[in-house]
Amino acid sequence: MLGIALKNQDLLKSTGFYAGQWQAAASGKEFPVLNPASGELIVKVSDYGVDDADQAIRSARQAFPAWRALTAKERSQLLMAWYQLILDNSEDLALLITTEQGKPLTEARGEVAYAASFIQWFAEEAKRVYGDTIPSPWADSRIMVLRQPVGVVATITPWNFPAAMITRKAAPALAAGCPCVCKPAEETPLTALALAVLARAAGIPDGVFNIVPSSQSQAVGEVLSTHPQVAMISFTGSTRVGKILLQQASGTVKKVAMELGGNAPFIVFDDADLDAAIEGLMASKFRNNGQTCVCANRILVQEGIYDAFSERLIAAVDKLRVGQGQDEATSLGPMINQAGHRKVSTLVSSALAGGAKSAYTGSLNAQDPARFYPPTVLTDVEAGMAICTEEIFGPVAALQKFSTEEQAIAIANDTTMGLAAYFYARDINRIWRVQEALEYGIVGVNKGLISTEVAPFGGVKESGLGREGSKYGLDEFLEMKYVLQGGLTSA
Ligand code: SIN
């Protein structure tokens, strides 16, 4: 067993957490958590099943009345204490993320800061859940709108951001007065459990923040999305699984928030600042080894600059260094698992078989070819290829050529997805035309990184429902209650 050399060893937990207690699975079962860079066992973690998930939900439901009854300021202070503890333990949390997820330490540190930022933001927003008064049409009545917590929230989160995807959901839920039952990805439960250690140390009451680690995603997902004591389910992951959860949640008409797949176009027009476009593309495409929902997936380059852009891109990709996440010189870590690796290899092979050209393949620096994928640039990619219709989720830049603005917009919108899109241009009229025409929830103009706690993150079409982060992120966890006070008499 690998273990992890944390300064604060209390952060390394191997059982789930609910009702304020660290609890093994009722079945006694465990599942292995592996280091994706080596395949070594880090630790075995309790494998929660249906009954454990049910217990966790019940503990959250029990905690709900007291949690919602705290003042907004009290909840805010507890969230701020949690935020501070995350910052105090950020180096350990980054090491945990790198060990179980594989991303380079510099990126893991960035993720910890990003994760913490949602807690700070929603600690502040907790105090700004305003209601309304409405001029009444009746002299003896007054009308108010109260905004109240929805109830117990279940969250299901992916492996690509083991900390930030949890805090982006749990922080607004807790701020609104809702307890949470969180199911982290099977690949990355350790960061989630460490967050629970810190939540408890911050004084967040028993039953308010619960972690359900499990390798039985389907069965536990079904409990979370059908349980009568769960009021809302918030999911980040594939569109395929999101649709199943939506169906399951419909039986009890739960509130839902879905942050699903993307297929981001990254368009570079002839009038773009090419250096800025390369910088933005490198950040967007290769962040987390290409394993994010907002990664550039289809790179559309206008014909007049296509050759110059490809050359500059290859020069930039050549500077990336594949390696172990703990090595400070590493820019690209391993793929999360064999299935992810296989998917990328298959998409590249099929693009090459269909006529795309392999313009660049980077070095693996002696890393295991079954776990790491070389940074790759493909040119002459065509819109109908699988590499353009599916999320690549790997370090492959696939370049297509286009001629006109209309053609670029048509290609960009020709997908069932609508999470993030990017484009680079200088002409202000074009900028307005294109940003308005793109059918996406997020548009980065002359910028490749769009993620921040202050802005609404989420997609349209089959990329999701609802928004996370920003002042809008709290609305998802609140119900509106119209109160009519009648029978009032004037003195
Ligand atoms: C995601 O990949 O789903 C999240 C990426 C981000 O928050 O920037």
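Heads up: numbering here begins at 1 and tracks the sequence. Just so it is clear, the model here is predicted, and its values are computed rather than measured. First listed ligand is number 1; within each ligand, the first listed atom is number 1.
Taking the ring centroids of Phe402 and Phe269, they lie under the 6.0 Å cut-off.
Looking only at heavy atoms of the protein, atom 5 (C) of ligand 1 is closest to Phe161 CE1, 3.7 Å.
Side-chain contact, Glu100 with Thr191: a donor N or O sits under 3.5 Å from an acceptor N or O. A donor-acceptor contact closer than 3.5 angstrom is absent between the side chains of Glu187 and Gln101.
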Please determine whether side chain to side chain contact (heavy atoms under 4.5 Å, CB included) holds for the pair Ile233 and Gln248, giving the CA-CA distance in whole Å, both sets of side-chain angles, and the decisive distance to 0.1 Å. CA-CA 10 Å; Ile233 180 141; Gln248 290 174 173; over 6 Å; no
Does Val322 form a side chain to side chain contact (heavy atoms under 4.5 Å, CB included) with Ser363? I'd like the steps, not just the answer. CA-CA 7 Å; Val322 171; Ser363 162; over 6 Å; no
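The aromatic rings of Tyr424 and Phe266 sit parallel, their planes meeting at an angle under 30°, below the 60° perpendicular limit.
Contact atoms of ligand 1 toward Thr292: 2 (O) (distance under 4.0 Å to a heavy atom of the residue). Listed by atom number, the atoms of ligand 1 under 4.0 Å from Ser451 heavy atoms are 6 (C), 7 (O), 8 (O). The atoms of ligand 1 that sit less than 4.0 Å from any heavy atom of Met165 are 4 (C), 7 (O).
Of the heavy atoms in Asn160, only side-chain atoms (C-beta onward) come closer than 4.0 Å to ligand 1. Counting heavy atoms under 4.0 Å from ligand 1, residue Glu391 does not touch it at all. Contacts between Cys293 and ligand 1 below 4.0 angstrom, taking non-hydrogen atoms only, involve backbone and side chain alike.
Checking only distances, Arg168 does come within under 3.5 Å of ligand 1, N or O to N or O. Residue Tyr114 has at least one nitrogen or oxygen atom sitting less than 3.5 Å from a nitrogen or oxygen atom of ligand 1, judged on distance alone.
Residues Phe161 and Asn288 are in side-chain contact: their nearest non-hydrogen atoms beyond the backbone lie under 4.5 Å apart.
Distances shorter than 4.0 angstrom do not occur between any heavy atom of Gln291 and any atom of ligand 1.
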